[in-house]
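Hydrogens, waters and symmetry mates are skipped; everything else that's a heavy atom, side chains included, is used. We name chains A, B, ... by the order of the sequence lines, and we start the count at 1 in each one.
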There are 2 protein chains.
Amino acid sequence: MQIGALSKETGVHIETIRYYEKAGVMPKPPRSSGGRRLYDDEYKSRLSFVKRCRELGFSLDDVRSLLELVDGGYTCGEVQDLTLAHQQEIKSKITDLRRLDKTLGKLAANCEGGDTPDCPVIDALFVTPIKRSRNQPG
Amino acid sequence: MQIGALSKETGVHIETIRYYEKAGVMPKPPRSSGGRRLYDDEYKSRLSFVKRCRELGFSLDDVRSLLELVDGGYTCGEVQDLTLAHQQEIKSKITDLRRLDKTLGKLAANCEGGDTPDCPVIDALFVTPIKRSRNQPG
DNA sequence: GCTTGTTCCTGTAGTAGCTACAGATAATAC
DNA sequence: GTATTATCTGTAGCTACTACAGGAACAAGC
């Protein structure tokens with residue numbers, strides 16, 4: 001299988017496949033006499049693994065760690081640790097974003113909208129510090 | 001005020017201040033005879049504005065738009081539009097992250113942990129496609 | 001054998017938003 | 001006069017790709 005077919009079958013862009021190889025996430029495949037990359041099914045399932053990890057928000061560094069575990073005889077505990085650590089990061093991102101959402105909602109709620117040549121959002125951005133908790137004095 | 005003082009007073013790194021200038025987000029300040037940047041209070045409050053926008057997750061492009069509005073005589077409606085559009089992006093990021101959180105939670109929940117040399121997370125990553133909704137057939 | 005079209009190759013530069021240097025000057029302290 | 005600090009410019013690095021440019025390989029048609 002050449003790179004175009006692999007790309008179509010996995011949904012990973014050709015450039016990204018080559019990038020993963022260069023970045024050391026995927027191994028260097030053998031080449032044809034003409035110098036073209038030749039892939040087998042094992043490579044394909046490994047690439048799909050990488051793709052799913054990325055869809056789940058793991059960084060390439062995380063993926064490298066996971067693959068090392070996969071190759072080096074992992075234990076369930078090690079994999080679980082990485083997964084839970086990643087989940088924690090995501091949870092804290094959610095917390096941050098929810099705070100932003102709230103703040104933006106409050107800002108926009110004060111707007112009259114329309115052609116009014118003055119806006120409480122701008123005023124707030126120029127004056128108000130971002131509130132980190134509910135109990136701080138204004 | 002020189003760049004070090006401005007940095008301390010606003011909490012924006014020196015390199016970031018210079019970067020904003022280069023990126024066209026902040027204007028070029030006048031210089032001293034020795035070639036050093038000299039800032040006034042107006043510059044400082046504009047920089048704080050930029051900082052708060054960034055803390056609220058606006059991109060530098062968004063910030064540029066907001067500043068154009070500020071400079072060019074904005075209307076409340078225009079600012080509100082930008083704010084609400086940004087809020088929408090954040091809401092959809094939250095939705096995505098929540099789905100990831102759920103998926104990761106389910107994966108890790110199947111783990112026995114410890115030294116078991118096999119892990120359902122790895123199995124799932126190698127086999128299971130990511131579910132985009134509850135109503136899709138496996 | 002020749003041409004055309006597609007696929008593939010390498011290498012480089014661009015994206016966002018900084019951060020981190022290197023090496024050179026300016027200003028201040030003593 | 002010297003030591004230290006602050007600032008200057010310019011470049012490279014970070015993540016995870018994407019988008020080229022310019023060239024070579026391969027398949028198909030005539």
Side-chain angles (χ1 to χ4, degrees), chain A residues 1-26 28-40 43-44 46-67 86 89-90 93 96-97 100, chain B residues 1-26 28-40 43-44 46-67 86 89-90 93 96-97 100:
Chain A
M1 189 185 338
Q2 291 194 7
I3 200 167
L6 181 64
S7 171
K8 264 177 203 153
E9 289 181 31
T10 58
V12 179
H13 288 167
I14 289 177
E15 294 90 346
T16 305
I17 295 172
R18 285 195 286 242
Y19 171 75
Y20 285 163
E21 182 186 328
K22 201 173 142 198
V25 177
M26 293 295 297
K28 299 195 176 195
R31 302 286 185 118
S32 73
S33 59
R36 300 188 168 196
R37 291 171 177 84
L38 296 176
Y39 302 101
D40 58 10
Y43 201 102
K44 181 175 149 192
R46 199 183 176 88
L47 181 59
S48 299
F49 176 90
V50 173
K51 190 192 177 195
R52 292 204 194 97
C53 288
R54 296 286 305 128
E55 286 170 345
L56 285 170
F58 284 98
S59 70
L60 284 188
D61 237 40
D62 291 335
V63 178
R64 265 182 286 255
S65 303
L66 283 168
L67 284 171
H86 179 50
E89 281 172 32
I90 286 177
K93 270 188 200 166
D96 286 353
L97 288 176
L100 291 191
Chain B
M1 190 188 333
Q2 291 195 7
I3 200 166
L6 181 65
S7 172
K8 264 177 202 153
E9 290 182 31
T10 58
V12 179
H13 288 168
I14 288 178
E15 293 91 346
T16 305
I17 295 172
R18 286 195 286 243
Y19 171 75
Y20 285 164
E21 182 186 327
K22 200 172 142 197
V25 176
M26 293 295 297
K28 300 195 175 195
R31 302 286 184 118
S32 73
S33 59
R36 302 191 166 193
R37 291 170 177 84
L38 297 175
Y39 302 102
D40 58 11
Y43 202 103
K44 181 176 149 191
R46 197 182 179 89
L47 181 58
S48 300
F49 176 90
V50 173
K51 190 192 178 195
R52 291 202 195 99
C53 289
R54 297 288 304 129
E55 286 169 345
L56 286 170
F58 284 97
S59 70
L60 285 186
D61 238 40
D62 290 337
V63 177
R64 265 183 287 256
S65 302
L66 283 168
L67 284 171
H86 179 50
E89 282 172 32
I90 285 176
K93 270 188 200 166
D96 286 352
L97 288 176
L100 291 190

Distance-only, no hydrogens or angles: does the A:S7 side chain make a donor-acceptor pair with backbone N or O of A:I3 under 3.5 Å? no

Figure out the CG/P separation between B:L47 and C:dG17, and round it to whole Å. 16 Å

Residue of the set B:Q2, B:K28, B:R18 for which side chain to side chain contact (heavy atoms under 4.5 Å, CB included) holds with B:R37: B:R18

Measure from the side chain of B:I3, starting at C-beta and using heavy atoms only, and say which of C:dC9, C:dC18, D:dC8 lies closest. D:dC8

Which nucleotide in the list C:dC18, D:dC17, D:dC8 gets nearest to the side chain of B:R36? D:dC8

Would you say the side-chain atoms of A:D62 and A:S59 include a donor-acceptor pair closer than 3.5 Å? yes

Would you check if B:Y19 and B:V25 make a side-chain contact, meaning some heavy-atom pair closer than 4.5 Å? no

Kindly point out which of D:dC8, C:dA27, D:dA16 is positioned nearest to the side chain of B:S32? C:dA27

Taking only side-chain nitrogens and oxygens of B:R31, does any of them come within less than 4.0 Å of OP1 or OP2 of D:dT9? yes

A:Y39 side chain near A:L47 side chain, heavy-atom distance below 4.5 Å: no

Rounding to a whole Å, what distance do you find between A:M1:CE and C:dC8:P? 12 Å

Starting from the C-alpha separation in whole Å, work towards a yes-or-no answer on side chain to side chain contact (heavy atoms under 4.5 Å, CB included) for B:K93 and A:K93. CA-CA 10 Å; B:K93 270 188 200 166; A:K93 270 188 200 166; over 6 Å; no

Using a cut-off of strictly less than 4.0 Å between a heavy atom of the residue and any atom of DNA chain D, enumerate the qualifying residues of residues 11-24 of chain B by number. B:I14, B:R18, B:K22

How do B:F58 and B:S33 order along DNA chain C: which one's closest nucleotide is nearer the 5' end? B:F58

Given D:dC8, is OP1 or OP2 found less than 4.0 Å from the side-chain N or O atoms of B:R37? yes

Between CD of A:E55 and P of D:dC17 the distance, given in whole Å, is 11 Å

Under the side chain to side chain contact (heavy atoms under 4.5 Å, CB included) criterion, do A:F49 and A:L66 qualify, and how do the steps go? CA-CA 10 Å; A:F49 176 90; A:L66 283 168; 4.2 Å; yes

To the nearest 10 degrees, how far apart in direction are the end axes of the helix from C:dG1-D:dC30 to C:dC30-D:dG1, each fit to five base pairs? 30°

Can you measure B:L38 atom CG to D:dT7 atom P for me and round it to whole angstrom units? 11 Å

Rounded to whole Å, the CZ-P distance (A:R54 to D:dT15) equals 11 Å

With a 4.5 Å cut-off on side-chain heavy atoms, are B:L100 and A:E55 touching? no

Any side-chain heavy-atom pair from B:R54 and B:K51 closer than 4.5 angstrom? no

